[in-house]
Amino acid sequence: MTSWVFEENGHDEGKQQPSDLIITENTNLTATNLSLPTETFLRAAVSLKDQVVEETWKRREMVDPTVYKGLLGTAFTCLRSYEVTGNHTDLQLCAEIVDTCATVARDSLRLWYSLGLATGRIWHVTFLCGRGGAYALGAVVANYMGDSRKRDLFLGLFIEVAKERALPVGPEEGGFGMSYDLLYGRAGFLWAALFINKYLGDEAVPSDILMPIIDAMLAGGRAGASDIKDCPLMYRWHGTRYLGAANGLAGILHVLLHFPLPGEDAEDVKGALRYLMSKRFPHSGNYPSSEGNPRDKLVQWSHGATGMAITLSKAAEVFPNDRELRDAAIKAGEVVWKSGLVKKVGLADGVAGNAYGFLSLFRLTKEQIYEERAKVFSCFLYRNGSSLIAGADGGNAYSLFQGIAGTACLWFDLVAPHNSRFPCYEL
């Protein structure tokens with residue numbers, strides 16, 4: 001069993017032990033036995049980040065050059081550490097990891113081309129699972145380091161990806177070859193562009209490149225919803241109409257909400273959100289993972305209430321006069337509080353990801369209860385780390401979305417919750 005580095009000195013006498021940490025509707029959120037000082041989370045975050053670096057970078061045997069469960073997730077964690085602590089060693093390390101991943105990505109792509117193939121994970125253009133992540137992170141890190149030559153190099157590589165033919169092709173042109181989802185499709189590429197523009201300026205990736213892609217996404221969504229009553233936008237991934245953040249409608253809408261859409265397009269996005277809200281399970285308030293799926297089981301970012309709470313929080317900011325969106329976000333957060341202390345640790349389907357749902361609601365409502373709830377879930381991670389990591393997903397145990405790197409990012413974000421952002425989803 002892997003132990004967490006920051007637990008080596010044990011807990012103070014008299015503190016509540018992990019087995020006693022039970023979360024219920026009646027839990028007193030201000031109780032000191034559920035609290036840890038901000039400095040404790042910061043020290044734990046740095047220590048956990050170092051452990052992730054040791055296992056994924058220094059001891060690496062092969063390189064998965066993706067953010068979701070590969071080495072680029074370590075780079076993202078180092079970047080988050082630098083932004084919180086100002087430690088330039090983290091920034092330099094992030095740059096080295098990005099350079100390695102970008103090289104692997106380009107070499108792999110050349111190999112696929114030489115073999116006459118156009119498939120494989122490195123073919124993807126998204127931030128989380130493709131080349132878009134390497135180039136976007138590379139441009140941002142180089143900008144932080146004041147290296148304009150490397151920044152422009154990575155930005156140029158990203159623009160090359162942006163001009164790939166499949167991205168702006170709508171259904172009227174038979175353009176169903178590239179998916180629309182966040183992990184592998186056009187939404188994931190657009191998120192990478194938003195990430196670049198946040199750090200480098202609004203037109204670093206020009207709007208005249210992005211708008212045709214957005215138009216294609218809206219056209220594809222309308223075509224996909226043509227047989228569904230009261231749903232203006234819908235998408236399929238591998239033939240299934242998923243509703244969640246990772247591969248489904250919630251994730252696609254979350255990305256579209258970041259763009260200034262004209263009236264009809266904005267109304268279609270809002271209509272699709274209302275359709276999602278109508279799919280809540282009546283007894284629990286949770287959301288199904290896909291259209292017509294009767295299983296009320298998953299409460300996580302990938303599928304279920306957590307991803308919806310975050311997406312609806314963003315929608316409530318974009319449409320501030322629509323109280324129904326805000327209320328639905330809060331109700332989704334209640335589902336996470338009641339059922340979100342799950343068995344896994346990661347951002348995608350674990351406690352760390354669920355804690356971010358509360359941080360989104362904290363920023364939306366400014367109500368202290370949501371920050372406290374995020375800290376309660378974080379305390380659970382802190383005190384139960386060893387057992388949780390023992391059950392983590394094999395070779396992905398240290399990854400950003402399926403392992404403990406996401407927990408490090410969560411603890412960094414607790415230093416300033418008003419600035420928190422779900423990694424690679426919120427901006």
Side-chain angles (χ1 to χ4, degrees), residues 56 62-77 79 94 97-115 117-141 153-169 175-198 204-205 209-210 213-214 216-217 220 235 237-238 242 245-248 251-252 254-255 258 302 347-348 396 399-402 405-406 423-425 427:
T56 63
M62 57 184 297
V63 174
D64 172 353
T66 64
V67 173
Y68 188 81
K69 60 180 181 180
L71 190 55
L72 271 180
T74 301
F76 187 95
T77 306
L79 178 61
C94 179
I97 295 173
V98 169
D99 286 346
T100 296
C101 291
T103 299
V104 170
R106 295 187 72 184
D107 290 348
S108 298
L109 188 62
R110 290 193 193 101
L111 176 61
W112 283 106
Y113 276 133
S114 69
L115 295 174
L117 300 172
T119 56
R121 65 185 174 189
I122 209 58
W123 179 254
H124 299 303
V125 298
T126 64
F127 189 89
L128 283 170
C129 295
R131 290 170 287 145
Y135 302 153
L137 267 174
V140 168
V141 174
L153 171 65
F154 278 118
L155 183 58
L157 289 169
F158 188 86
I159 297 297
E160 285 181 21
V161 175
K163 294 179 179 179
E164 290 192 7
R165 236 178 109 260
L167 276 166
V169 176
F176 287 107
M178 181 179 288
S179 67
Y180 295 91
D181 66 307
L182 185 74
L183 258 62
Y184 304 109
R186 300 173 218 223
F189 170 80
L190 288 175
W191 196 93
L194 288 166
F195 180 77
I196 290 175
N197 286 353
K198 173 185 176 181
V205 183
I209 290 178
L210 299 180
I213 302 171
I214 295 168
M217 289 186 63
Y235 305 86
W237 188 72
H238 287 211
Y242 287 100
N247 297 112
I252 294 168
H254 188 263
V255 172
H258 288 79
S302 295
L347 293 175
N396 302 320
S399 69
L400 183 60
F401 268 72
Q402 294 184 342
C424 314
Y425 195 57
L427 287 156

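Looking at heavy atoms from C-beta onward, Leu137 lies in side-chain contact with Phe127 at the 4.5 angstrom threshold. Side-chain atoms of Tyr242 and Ile252, non-hydrogen and from C-beta on, never get closer than 4.5 Å to each other. In this structure the side chain of Met178 reaches within 4.5 angstrom of the side chain of Val125, judged on heavy atoms. With a 4.5 Å cut-off on side-chain heavy atoms, Leu72 and Thr66 do not count as touching. Looking at Trp237 and Tyr184, their side chains come closer than 4.5 Å, going by heavy atoms from C-beta outward. Under the 4.5 Å side-chain criterion, counting only non-hydrogen atoms from C-beta, Asp64 is not in contact with Leu71.
For Thr77, the side chain to side chain contact (heavy atoms under 4.5 Å, CB included) partners at least two apart in sequence or on another chain are Lys49, Leu400, Ala405, Ala408, Cys409. Applying the side-chain hydrogen bond (donor to acceptor under 3.5 Å, both in side chains) rule to Asp181 yields the partners Ser179, Asn247; only residues at least two apart in sequence or on another chain are considered. The ring pair (Phe, Tyr, Trp, His ring centres under 6.0 Å) check on Phe189 picks up Phe158, with sequence neighbours excluded. Qualifying side-chain hydrogen bond (donor to acceptor under 3.5 Å, both in side chains) partners for Tyr425, counting only residues two or more places apart in sequence or in other chains: Thr311. Every residue was checked against the side-chain hydrogen bond (donor to acceptor under 3.5 Å, both in side chains) condition with Asn197, not counting sequence neighbours, and none meets it. For Ala348, the side chain to side chain contact (heavy atoms under 4.5 Å, CB included) criterion is met by Tyr68, Trp301, Ser302, Phe401, not counting sequence neighbours. For Thr126, there are no side-chain hydrogen bond (donor to acceptor under 3.5 Å, both in side chains) partners at least two apart in sequence or on another chain. Under the ring pair (Phe, Tyr, Trp, His ring centres under 6.0 Å) criterion, Phe76 pairs with no residue at all, not counting sequence neighbours.
Taking every heavy atom of both residues into account, Cys101 and Pro65 meet most closely at O-CB, 3.6 Å. Shown here for Ala192 and Ala136, the closest heavy-atom pair between the two residues is O-CB, 4.0 Å. Listed here is the closest heavy atom pair of Ala162 and Leu167: O-CD1, 3.8 Å. Considering every non-hydrogen atom in both Ile159 and Ala204, the closest pair reads CD1-O, 4.2 Å. The heavy-atom pair separating Val98 from Ala134 by the smallest distance is CG1-O, 3.6 Å. Between Ile196 and Val140 the shortest heavy-atom distance is CA-CG2, 4.4 Å.
Classification of the Trp191-Phe195 ring pair by plane angle, with boundaries at 30° and 60°, yields parallel.
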Please report the C-alpha distance between Cys129 and Val67 in whole Å, then the side-chain angles of each, then the deciding distance to 0.1 Å, and finally whether the side-chain contact (heavy atoms from CB on, under 4.5 Å) criterion is met. CA-CA 6 Å; Cys129 295; Val67 173; over 6 Å; no

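Checked for salt-bridge contact, Glu164 and Arg131 meet the test: a charged N lies under 4.0 Å from a carboxylate O.
Atoms CD1 and CG, from Ile97 and Leu79 in turn, are 11.0 Å apart once rounded to the nearest 0.5 Å. The distance from the OG1 atom of Thr103 to the CG atom of Asp99 is 6.5 Å, given to the nearest 0.5 Å. How far CG of Leu190 is from NE2 of His258: 11.5 Å, rounded to the nearest 0.5 Å. Residue Leu210 holds its CG atom at 14.0 Å from CZ of Arg186, rounded to the nearest 0.5 Å.
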